[in-house]
Amino acid sequence: QVQLVESGGGLVQAGGSLRLSCAASGRASSTKAMGWFRQAPGKEREFVAAISWLGGETDYADSVKGRFTISRNNAKNTLYLQMNSLKPEDTADYYCAASRFVGIVVVQYEYDYWGQGTQVTVSS
């Protein structure tokens, strides 16, 4: 079994920054590729960023490219999302996810485990 716990969300003004963290525990073999997704009120959950098992490959949604950076520290079993130049449209609950696959995973159905989410609110 795998547990994912997000932290770092909060309220920030437009143009500000936040750093999300996701601590993973449990079977390491089930937490290879990892990613971040978000769900805004009244909208479906959407892909934000993904990173391969060893961190050599990353991918981002067009809406966050150049502003968000995904990274991981496998020694600490922790995933990060550095969010800069935040906009009101970034307001959402942010979820980390873990997959048994090694490479980049951008589709939700290929993720096996999900965290409970952390709320990010960007005021204008």
Side-chain angles (χ1 to χ4, degrees):
Q1 194 59 277
V2 172
Q3 287 189 328
L4 303 173
V5 179
E6 302 95 336
S7 62
L11 174 64
V12 63
Q13 288 188 333
S17 298
L18 282 174
R19 188 194 196 201
L20 305 184
S21 298
C22 173
S25 61
R27 292 182 60 184
S29 61
S30 299
T31 56
K32 293 182 176 174
M34 297 190 75
W36 289 97
F37 290 77
R38 68 185 181 186
Q39 186 169 19
K43 296 187 177 181
E44 293 186 351
R45 189 163 58 186
E46 64 176 5
F47 168 74
V48 174
I51 188 166
S52 60
W53 182 32
L54 298 180
E57 297 179 83
T58 59
D59 197 10
Y60 298 91
D62 287 343
S63 59
V64 306
K65 277 181 182 176
R67 301 188 297 121
F68 290 11
T69 303
I70 188 171
S71 62
R72 64 190 299 168
N73 184 328
N74 287 348
K76 294 184 177 180
N77 294 322
T78 303
L79 176 73
Y80 304 99
L81 185 68
Q82 178 67 44
M83 306 186 295
N84 298 329
S85 302
L86 283 161
K87 305 175 181 180
E89 51 264 44
D90 294 318
T91 295
D93 291 326
Y94 283 72
Y95 299 88
C96 72
S99 171
R100 63 193 182 277
F101 297 113
V102 174
I104 290 286
V105 178
V106 300
V107 292
Q108 296 186 47
Y109 65 81
E110 290 189 341
Y111 281 96
D112 304 301
Y113 298 97
W114 294 83
Q116 293 299 307
T118 185
Q119 188 174 52
V120 171
T121 303
V122 184
S123 62
S124 57

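Here, residue 1 is the first one in the sequence, and each next residue gets the next number.
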Residue set satisfying side chain to side chain contact (heavy atoms under 4.5 Å, CB included) with S7, at least two apart, ordered chain then number -> S21
Margin query: Any non-hydrogen side-chain atom of D90 less than 4.5 Å from a side-chain atom of R67?
Written below: yes
| query | Does a sphere of radius 6.0 Å around CD in E46 hold more than 12 heavy atoms from other residues, nucleotides or ligands, not counting ones at 6.0 Å or beyond? | reply | yes
Rounded to the nearest 0.5 Å, the OG atom of S52 sits from the CD1 atom of I104 at a distance of 5.0 Å
### Task
Following the transitive rule for hydrophobic clusters with a side-chain heavy-atom cut-off under 4.5 Å over Ile, Leu, Val, Met, Phe, Trp and Tyr, establish whether L20 and F68 coincide in one cluster.
yes
Should L81 and V64 be counted in the same cluster of Ile, Leu, Val, Met, Phe, Trp and Tyr side chains packed under 4.5 Å apart? yes
Would you be so kind as to tabulate the donor-acceptor pairs closer than 3.5 Å made by side chains of residues 55-63, with sequence neighbours excluded?
{"unit_1": "Y60", "atom_1": "OH", "unit_2": "I70", "atom_2": "N", "d": "2.9"}
{"unit_1": "D62", "atom_1": "OD1", "unit_2": "K65", "atom_2": "NZ", "d": "3.2"}
{"unit_1": "S63", "atom_1": "OG", "unit_2": "R38", "atom_2": "NH2", "d": "3.4"}

Taking every heavy atom of G9 against every heavy atom of T118, the minimum-distance pair comes out as N-OG1, 3.2 Å
ring-ring contact (aromatic ring centres under 6.0 Å, His included) filter on F37, not counting sequence neighbours, yields F47, Y111, W114
In short, disulfide (SG to SG under 2.5 Å) pairs touching residues 11-124 with sequence neighbours left out are C22-C96
Applied to residues 26-90, the disulfide (SG to SG under 2.5 Å) test, sequence neighbours excluded, yields none
Item to complete: Treat each ILVMFWY residue as a node, draw an edge where side-chain heavy atoms are under 4.5 Å apart, and state whether V105 and W53 are in one component.
Response: no
When every non-hydrogen atom of P88 is compared with those of S124, the smallest separation belongs to CG-CB, 3.8 Å
Here the salt bridge (Lys or Arg N to Asp or Glu O under 4.0 Å) pairs for residues 6-34, sequence neighbours left out, are none
Closest non-hydrogen contact found for L4 with A24 is CD2-CB, 3.6 Å
**Prompt:** Is there a side-chain contact between L79 and I51, using heavy atoms and a 4.5 Å cut-off?
**Reply:** yes
Hits for side chain to side chain contact (heavy atoms under 4.5 Å, CB included) against A23, two or more places apart or cross-chain, chain-then-number order -> none
- prompt: Do the side chains of V122 and Y94 join up, straight or via other hydrophobic residues, at under 4.5 Å, putting them in one cluster?
  reply: yes
Applying side chain to side chain donor-acceptor pair (under 3.5 Å) to E89 and not counting sequence neighbours gives none
Contacts of T121 meeting side chain to side chain contact (heavy atoms under 4.5 Å, CB included) (sequence neighbours excluded), chain-then-number -> L11, T91, Q119
By side chain to side chain donor-acceptor pair (under 3.5 Å), N74 pairs with (sequence neighbours left out) R72
Contacts satisfying salt bridge (Lys or Arg N to Asp or Glu O under 4.0 Å) that involve residues 107-124 (not counting sequence neighbours) are R100-D112
In terms of heavy-atom contacts, N84 and S17 come closest through OD1-OG, 2.9 Å
| field | Hphob cluster co-occupancy, L86 + W36, side-chain heavy atoms under 4.5 angstrom | value | yes
The side chain to side chain contact (heavy atoms under 4.5 Å, CB included) partners of Q39 (sequence neighbours excluded) come to R45, Y95
CD of Q3 to CG of N77, rounded to nearest 0.5 Å, is 13.0 Å
